[in-house]
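A quick write-up on the structure given underneath.
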Amino acid sequence: MADSKQFSYDGLFAKSAPAPRASGGAAKRGKYDFAVAYPDPDSIPFDGLMEGLKQGLDEEGRDLALYAPPQGYGPLREFITEKMARDRDIHVTPDDIVIGDGSGQPIHMLLEVLVDPGDVLLTDDFVYTGTLSQMRRFQGDIRGVETDGDGMVPDALESAIQQASGEGKKPKLIYLIPTFQNPQGWTMPLERRQAVLDISQKHGIPIMEDDCYVDLRYEGDDVASFHAMDDTNSVMYVASFSKIIAPGMRLGYLTAPPELLSRALAAKSGGSANYFASFAVHRYVTGHLDGHIEEINDIQRAKRDSMLAGLGENFGDKAEWSSPEGGLFLWLKMQEEADLLSIRDDVLDSHDVGYLPGPNFAPDGVSGRNCARLCFGYNTPDEIYDGIAALAQAFEQQGVL
Ligand SMILES: Cc1ncc(COP(=O)(O)O)c(C=O)c1O
């Protein structure tokens with residue numbers, strides 16, 4: 001082929017384009033993979049999903065020829081409203097729901113319609129990376145608010161709002177994962193929720209409630225959702241099938257007041273969430289979801305207990321960790337000088353243990369070097385126990401334990 005001058009995209013990127021992201025090869029995973037919040041791979045209900053898909057295709061498969069309404073598959077939206085009413089005391093209609101590509105897309109849609117560059121966004125001091133990167137994508141001024149074992153500290157929230165106000169800014173929203181928080185594992189008790197809600201309402205700042213893990217409860221009682229506690233339309237709510245069926249299904253959902261939902265819907269790309277997956281999930285969850293959740297929670301409880309036992313035996317009083325009542329991870333805190341970020345790759349190479357260090361979850365991108373999130377969803381209980389022993393050995397060799 002003759003030499004051809006290759007086209008260059010230099011200078012063409014939009015000013016608001018995100019920074020490049022590496023494509024291709026997945027990040028190296030450890031044998032003991034405590035890095036990513038996977039659910040248990042062996043309990044994905046393949047047979048039930050296959051059957052559900054077949055039934056859905058038999059009954060409505062011809063609809064795949066159509067471009068479906070962007071809010072998503074109606075019967076699945078109906079199921080979601082019934083589940084939300086029963087489990088979370090949230091009473092909305094299927095018209096108030098948008099199904100998205102996981103709950104990540106609904107979060108993106110909300111941020112897209114709410115956030116201008118420089119807007120102050122309040123989050124927990126360590127918080128889910130996916131939302132943080134979307135907030136950065138829209139150039140929010142993300143401010144982490146101090147938390148303790150019960151979640152966001154109300155006085156600290158009040159101070160953060162006052163500080164923004166002193167700068168002439170009113171925060172745009174407060175993002176909360178009140179149940180089995182990612183990455184810290186705590187659940188915010190009712191009184192704390194009420195205190196945070198009171199502050200948000202007093203200042204007229206909406207809450208984005210992310211209830212992604214709420215069904216994965218291994219002990220204790222459910223706590224009311226912010227959405228159910230609020231009677232002023234100031235809470236938007238997202239949740240997902242990722243952690244109770246599988247992330248690969250890519251189905252999550254959003255409910256918000258109509259004026260916001262209609263704007264978010266306008267920001268939704270790609271039309272309706274996948275109908276093919278929606279058929280399978282809808283037919284499967286109808287009548288099977290409760291049993292399935294019970295089953296996976298028994299499995300995950302054993303995994304959590306194994307990780308807690310391993311930590312108790314290998315880390316003793318040389319570290320602190322959260323003891324979550326559910327979800328998929330806990331938060332490990334080593335002595336102040338430990339730098340779990342700089343040793344992460346060595347630990348992975350030498351001992352085959354993966355984890356995510358604190359700065360991944362910090363709004364400032366640097367705090368929390370002595371902390372790490374440890375997920376217990378993927379490995380078996382025995383592997384988890386061995387993996388924690390290997391982690392302790394690696395930390396000892398690195399001089400942080
Ligand atoms: C707190 C939280 N919210 C949202 C998501 C997004 O998940 P998905 O898009 O698969 O529903 C995750 C995924 O790990 C998460 O931890």
Side-chain angles (χ1 to χ4, degrees), residues 26-27 33-41 44 72 76 80 83-84 88 97-112 121 123-137 142 144 147 151-152 173-188 207-217 225-227 235-256 264 268-270 273-274 277-278 281 285 296 300 322 324 326-331 354-356 360-363 373-378:
D33 192 357
F34 304 147
V36 182
Y38 306 109
D40 181 69
I44 297 175
L76 186 57
I80 290 166
K83 176 174 172 11
M84 287 190 347
R88 305 304 290 140
I97 303 285
V98 177
I99 300 176
D101 174 2
S103 53
Q105 186 187 37
I107 292 170
H108 181 114
M109 287 152 53
L110 288 169
L111 293 174
E112 181 167 351
L121 308 173
T123 70
D124 295 317
D125 45 7
F126 296 101
V127 72
Y128 169 52
T129 330
T131 301
L132 274 184
S133 39
Q134 292 307 326
M135 289 177 163
R136 290 183 183 124
R137 160 89 186 80
I142 314 164
T147 62
M152 191 175 273
L173 58 88
I174 304 167
Y175 172 70
L176 298 170
I177 310 163
T179 304
F180 316 135
Q181 197 259 13
N182 185 1
Q184 301 179 71
W186 44 250
T187 292
M188 213 190 255
I207 288 176
M208 189 193 292
E209 178 176 24
D210 183 343
D211 226 4
C212 180
Y213 295 97
V214 71
D215 292 305
L216 304 182
R217 177 170 280 286
S225 75
F226 275 91
H227 193 289
V235 178
M236 44 202 128
Y237 181 92
V238 294
S240 181
F241 288 105
S242 286
K243 313 296 172 176
I244 48 175
I245 303 286
M249 299 309 293
R250 302 312 304 135
L251 291 173
Y253 49 94
L254 150 71
T255 189
K268 184 175 186 312
S269 58
N274 191 320
S278 299
V281 166
V285 293
I296 56 176
Q300 309 280 36
S322 56
L328 291 174
F329 29 71
L330 53 79
W331 188 238
Y355 61 83
L356 288 187
N360 283 43
F361 306 96
R373 186 187 73 173
L374 301 180
C375 299
F376 47 76
Y378 189 75

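Read the numbers this way: they start at 1 and go in the same order the structure lists the ligands and their atoms.
The nearest heavy-atom contact from the protein to atom 2 (C) of ligand 1 is Asp210 OD2, 3.4 Å. From the protein, the heavy atom lying nearest to atom 6 (C) of ligand 1 is Tyr128 OH, 3.3 Å. When hydrogens are left out, the protein atom nearest atom 7 (O) of ligand 1 is Ser103 OG, 3.6 Å; that is the closest non-hydrogen contact.
Residue Gly102 has at least one heavy-atom neighbour below 4.0 Å for each of these atoms of ligand 1: 8 (P), 9 (O), 11 (O). The atoms of ligand 1 that sit less than 4.0 Å from any heavy atom of Ile177 are 1 (C).
Residues Ile296 and Asp215 fail the side-chain proximity criterion, which asks for heavy atoms closer than 4.5 Å. Contact of the Arg373 side chain with the Trp331 side chain is registered, since non-hydrogen atoms from C-beta on lie closer than 4.5 Å.
With hydrogens and angles ignored, the 3.5 Å screen pairs no side-chain donor or acceptor of Thr129 with any backbone N or O of Phe361. At distances below 3.5 Å, at least one donor-acceptor pair connects side-chain atoms of Gln184 with backbone N or O atoms of Phe126.
Ligand 1 has at least one atom lying under 4.0 Å from a heavy atom of Lys243. Using a non-hydrogen distance threshold of 4.0 Å, Arg250 registers as a contact of ligand 1. Residue contacts with ligand 1: Tyr213 is included, with a non-hydrogen atom under 4.0 Å away. Using a 4.0 angstrom heavy-atom cutoff, Ser240 counts as in contact with ligand 1.
Here Cys212 has side-chain heavy atoms under 4.0 Å from ligand 1, and that is the only part of it that gets that close. Residue contacts with ligand 1, taken as heavy atom pairs separated by less than 4.0 Å, involve Ser242 solely via side-chain atoms from C-beta onward.
Residues Tyr175 and Thr131 have side chains that bring a donor and an acceptor to within less than 3.5 angstrom of each other.
The N/O atoms of Pro247, backbone and side chain alike, include none that comes under 3.5 Å of an N/O atom in ligand 1.
The two residues Asp40 and Gln300 have their closest heavy-atom pair at N-NE2, 3.6 Å.
Ring centroids of Phe241 and Tyr253 are separated by less than 6.0 Å, placing the two rings close together.
Between Tyr213 and Phe329, the two ring planes are perpendicular [angle over 60°; tilted spans 30° to 60°].
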